[in-house]
Amino acid sequence: MPERPSLDGLEATWAQRWEQQGTYSFPGTAERAAVFSIDTPPPTASGSLHVGHVFSYTHTDIVARFQRMRGKQVFYPMGWDDNGLPTERRVQNYYGVRCEPSLPYDADFAEPEPVTKKGVKPVDVSRRNFVELCEKLTAEDEKAFEAVWRRLGLSVDWKHQYTTIGKRSQRASQRAFLRLLAKDEAYQAEAPTLWDVGFRTAVAQAELEDREHPGAWHRISFHAPGDAKVFIETTRPELLPACVALIAHPDDERYQPLFGTTVRTPVFGVEVPVLAHPAAEMDRGAGIAMCCTFGDLTDVQWWRELSLPARTIIGRDGRVLADAPSGLDSPEGLKAYAELVGATVHTARERVVGLLRDSGDLDGEPRKIVRPVKFFEKGDKPLEIVSSRQWFIRSKSHQDELLARGAELNWHPAYMKARYDDWVRGLNGDWLVSRQRFFGVPFPIWYPVDDQGEPRHDQPILPTEADLPIDPSSDVPPGYTAEQRDQPGGFTGDPDVMDTWATSSLTPQIACGWEEDADLFARTFPMDLRPQGHDIIRTWLFSTVLRAQLEQDTLPWRHTTLSGWILDPDRKKMSKSKGNVVTPMGLLEEFSSDAVRYWAASGRPGTDTAFDQGQMKIGRRLATKLLNAAKFVLGFDEPTAAAEVTEPLDRAMLAALDDVVRQSTEALEAFEYTTALERTERFFWQFCDDYLELVKDRAYAKDGGAATESVRLALRTALSTMLRLFAPFLPYSAEETWSWWHEGSVHLAEWPTPSAGAGQGDELMALASTVISAVRKAKSDSKRSMRVPVETVVIRGRQATVDAIARIQADLATAGNVASLTLEAADVDALDIAVTLAEQPEQSAQR
RNA sequence: GGGCGCAUAGCUCAGCGGGAGAGCACUCGGUUUACACCCGAGCGGUCGCAGGUUCGAAUCCUGCUGCGCCCA
């Protein structure tokens, strides 16, 4: 036991010892029911750790430590999400490179120096070189993350790690995909797809967001037979050459005569039908819309439901295609189209408006508006809709099952379930899982190439599960040779990779060793807990439920906890761009891990929490206080084996602590760690301020006999209990103090249980506090030391109250330095305490 | 436009049908042998607004306002 206990240095000492002693290693011997398994969110390796991570991961660790002490074998793995776009972007920016899939692999490629200045032209590298850079950089990032987690004191079993791009994840993703394919739960289709022209990839419904975007209504005339004009209004005049129909609501009186007729598009001179469809909004624009290939999802709906032709003009690069679409074949039309070829959407719009103006078909000037437009959440240009071949996983047809699973899951807090339900009910199609990117899990598929050199997508060649993972761009399918790649009569690999979520939706399966470690899987799956942010309910939580439903026909976990966000002091969501320079490691060093964890523990599930260094200071104070209180308690001689807790105040204190144990346990079982900490903390502080002061003299007594034995035993009993109650929250200071008088780790000690038959302790403890407070107030009011002698204390109260106080009279008198403490029974409502201090104010002079 | 959450002392928050509370901050005081990273005391609030239910509402219901988020 150190002379002056300190928090400094505890992290280094204990983190190392926990690792050496395997304190948190998962034994893997218990049956499923005696295991608590956690589906830890794999942090995005390419991002930086911020205080929000520290916050939410601490919450999970508190639960993990509690469950471990309750006797569960805790399966607490850690994953790293290094798969996908964020890593690609980081690698591009960090090294100043760009992936060019057409380049051959360069085996001698040297790792580029990190880019320090902006505006340097990126260097093209082959796909394989690019992937190698991704792997290298993420490995470094992951090491830095792990160092922070270890210092924070996460009780992760570091033997169980995975990465979402690693071999195990690739195998699981590909195996699960092949099985879905076999069950027809996965399919490919050539279909209109939301497309980000910046990233040049398809995006899924879950990755969309609406942004207010400026645009303008353009009123344009179409030409009906004779000289009649039909006016439509559109925000996307550049799609005029892609127009395939005009559409109005079937009930719209204004357009009844036109239904079934055709009109001619201005400038481009294409005959298009006027049709009726209920999705047309009568009160929007002119009430009649031009349907194009494709301006928005309504256009897609019309195209599909009305069997319209497709006139594609926008390519995957977001520019107007070189070839005019079928149906646009008049000389004037082709001439106009030629002026648009190669133009971006933005430029094409200006040119079409110019053409319309010249032809007199633009009615009035465009009217500027701002309206919601769909964006890829990571993109900066409005999404286009292009037709392409993509892979989908069926989800729309499983809506009812998914809602039932949502109802089966325990949500913390419960109201977060509404977001899941909203999302599942609002699904508008199947899950698009293919991405036209590079750093991801490839689809394990090849296609035969026919004699014309065209891939036969309808005859995919599949690997066997035993061969997984495979990369169809380098591996050769059975029965072919490498020379036949991309040759007529040969084969070609599917060029796409899976969306990141298609892999991370399998984290329970990956972590639990699905199809790779049957023993582990049986002991850990389905898991107990999925902690995650509420912002990714529609992505991660939803997709994980879907995958477990389709593969295992079960929920992937029993509970989910949704953590809130960290708000900066201005109540805004905290972000790097706000220039906040606090790094998690810096905080841990400044305040200590326990202190930062204390702050984190103040954030309840689902509740946004302010970043508050004040709370960290309080946490630091609490942890320091714990060290000092323990040193004090352990400074007294050990009670003899025969010692019993006999004194009323000691018994009351332990009884009150029993209540705290009860409440804390109940709260932690319900994932309400904040309540648990608050109860324990409140008790601990009262224990220090009142109980310790009341019993000090009795504990110090040289030949105090049974009364001294009683308090010494009570002190140690209480300390033992409190250390264990604090252990999940303040693992370092709890472990340090535990080590002063115990073998083994407090984190493997048994969670306290209330002692049987204990009476009500709160009442007597409260009475003791009331009396001692009155004495202190008298001293404070007369600005005297707490040490000053008190001549008399006269307490008047109801008989039962007075009787209770009588039982602790001696402790009260000693602690207050009271010469005469008398009790009077009286018929009064409130306790009346009269305190008379000794005369001589300058008592201290005698020392 | 639909939905969810929040609104309590200067700040951060607890309380969620019968006393308006904690910590921080602030003020005053204290060399008490665990702790000055300490101890004691005090100041401080029409519990967002308006109705309703109830013997009784910060707490339940309705509406409104403001903030945040989710979905269209």
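Chain identifiers are assigned alphabetically (A, B, ...) following the order of the sequence lines, protein sequences preceding nucleic acid strands; residue numbering begins at 1 within each chain.
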Do [X] and [Y] get their side chains close enough for a donor-acceptor pair, meaning under 3.5 Å?
| X | Y | answer |
| --- | --- | --- |
| A:T814 | A:D697 | no |
| A:W740 | A:E736 | yes |
| A:T792 | A:S820 | no |

Is [X] near enough to [N] that one of its side-chain N or O atoms lies under 4.0 angstrom from OP1 or OP2?
| X | N | answer |
| --- | --- | --- |
| A:R621 | B:C24 | yes |
| A:R776 | B:C39 | no |
| A:R4 | B:A36 | yes |
| A:R682 | B:G23 | no |
| A:W423 | B:C4 | no |
| A:R538 | B:C71 | yes |
| A:K625 | B:C37 | no |
| A:Q615 | B:A25 | no |
| A:R604 | B:G15 | yes |

Quick one: [X] [atom1] to [N] [atom2], roughly how many Å, whole number?
| X | N | atom1 | atom2 | result |
| --- | --- | --- | --- | --- |
| A:I537 | B:C4 | CD1 | C1' | 10 Å |
| A:K417 | B:C4 | NZ | P | 13 Å |
| A:K779 | B:G30 | NZ | P | 14 Å |
| A:K617 | B:C37 | NZ | P | 13 Å |
| A:R425 | B:A72 | CZ | P | 14 Å |
| A:R620 | B:C35 | CZ | P | 17 Å |
| A:I772 | B:A41 | CD1 | C1' | 14 Å |
| A:N628 | B:U33 | CG | C1' | 14 Å |

>> Nearest heavy atom decides the nucleotide; on that basis, is A:S773 or A:D210 closer to the 5' end of RNA chain B?
In response: A:S773
> Taking for each residue the nucleotide of RNA chain B with the nearest heavy atom, is it A:A630 or A:S780 whose nucleotide lies nearer the 5' end?
Replying inline: A:A630
>> Taking B:G18 as the reference, what is the distance to B:C13 when you measure between their P atoms (whole Å, please)?
In response: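 To the nearest whole Å, 24 Å.
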> In whole Å, what separates the P atom of B:G17 from that of B:U46?
Replying inline: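 Going atom to atom, P in each nucleotide, I get 24 Å.
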With sugar-phosphate meaning primed atoms plus P, OP1 and OP2, does [X] contact a base, only sugar-phosphate, or nothing at under 4.0 Å between heavy atoms?
| X | answer |
| --- | --- |
| A:D689 | sugar-phosphate |
| A:Q686 | nothing |
| A:W685 | sugar-phosphate |
| A:A418 | nothing |
| A:L634 | nothing |
| A:E681 | nothing |

>> Looking at A:R662 and A:E666, is there a salt bridge between them, counting it only when a charged N and a carboxylate O are closer than 4.0 Å?
In response: no
For [N], the Watson-Crick or wobble partner whose two distances fall under 3.5 Å:
| N | value |
| --- | --- |
| B:G42 | B:C26 |
| B:C4 | B:G68 |
| B:G21 | B:C13 |

> Should the pair A:R371 and A:W217 be classed as cation-pi, given the thresholds of under 6.0 Å to the six-membered ring centre and 45° from the axis?
Replying inline: no
> When the aromatic ring centroids of A:W195 and A:F376 are compared, is their separation below 6.0 Å?
Replying inline: no
> Does A:S785 make a side-chain donor-acceptor contact with the base of B:G30, cut-off 3.5 Å?
Replying inline: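 Absent.
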>> Please report the interatomic distance CZ(A:R151) to CH2(A:W14), rounded to the nearest 0.5 Å.
In response: 16.0 Å
